[in-house]
Amino acid sequence: MKARECICNSCGRSLEMRNGILQEDALIIKKEWGYFSRKDLEIHELILCEECYDKWAGQLKISPEISEKNEVLSPS
């Protein structure tokens with residue numbers, strides 16, 4: 001995550017950042033389009049806050065696969 005203002009692409013809400021660190025979780029998608037698309041060599045990036053992600057995921061014909069982590073490792 002770049003140390004810049006983060007704004008949800010769906011609702012336009014500014015996500016809370018403190019000292020360049022995002023203080024809430026969000027879905028961040030960055031796609032580098034390839035030769036077999038109509039967006040050849042374009043890079044698209046978007047951010048969805050958790051609420052907008054839930055709305056978006058609820059509209060999908062096939063729900064996202066959800067699993068749980070058993071532990072969270074902290075950096076050494």
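No experiment lies behind these values; they were computed from the predicted model shown. The first residue in the sequence is number 1, and the count goes up from there.
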Item checked: 4.5 Å side-chain heavy-atom contact, K39 and H44 -> yes

Checklist line | Trace of the side-chain contact (heavy atoms from CB on, under 4.5 Å) decision for I7 with R13 | finding: CA-CA 6 Å; I7 299 173; R13 183 172 66 84; over 6 Å; no

Next item on the list: Could you pull out all residues at least two apart from K55 that satisfy side chain to side chain contact (heavy atoms under 4.5 Å, CB included)?
Entry: E51

Checklist line | Side-chain hydrophobic cluster, 4.5 Å single linkage: members besides I21 | finding: none

Next item on the list: Applying side-chain hydrogen bond (donor to acceptor under 3.5 Å, both in side chains), name anything that partners E50, two or more places apart in sequence or on another chain.
Entry: none

Next item on the list: For E16, enumerate each residue passing the side-chain hydrogen bond (donor to acceptor under 3.5 Å, both in side chains) test, keeping only those at least two apart in sequence or located in another chain.
Entry: R18

Check: How does the hydrophobic cluster around L46 look, that is, which other residues are in it when side-chain heavy atoms under 4.5 Å mark a link?
Finding: L27, I29, L48, Y53, W56, L60

Check: Rounded to the nearest 0.5 Å, how far apart are CE of M17 and CG of N19?
Finding: 9.5 Å

Check: Looking only at heavy atoms, what is the nearest atom pair of C49 and A26, with distance?
Finding: CA-CB, 4.4 Å

Notebook entry, point to check: Members other than I43 in its cluster, when Ile, Leu, Val, Met, Phe, Trp, Tyr link by side-chain heavy atoms under 4.5 Å?
Noted result: none

Next item on the list: Could you pull out the closest heavy-atom pair between S37 and G34, with the gap in Å?
Entry: OG-O, 3.0 Å

Check: Closest heavy-atom contact between L15 and L22?
Finding: CB-CD1, 3.7 Å

Note to self: How about CG on D25, more than 12 heavy atoms from neighbouring residues, nucleotides or ligands closer than 6.0 Å, or not?
What the structure shows: no

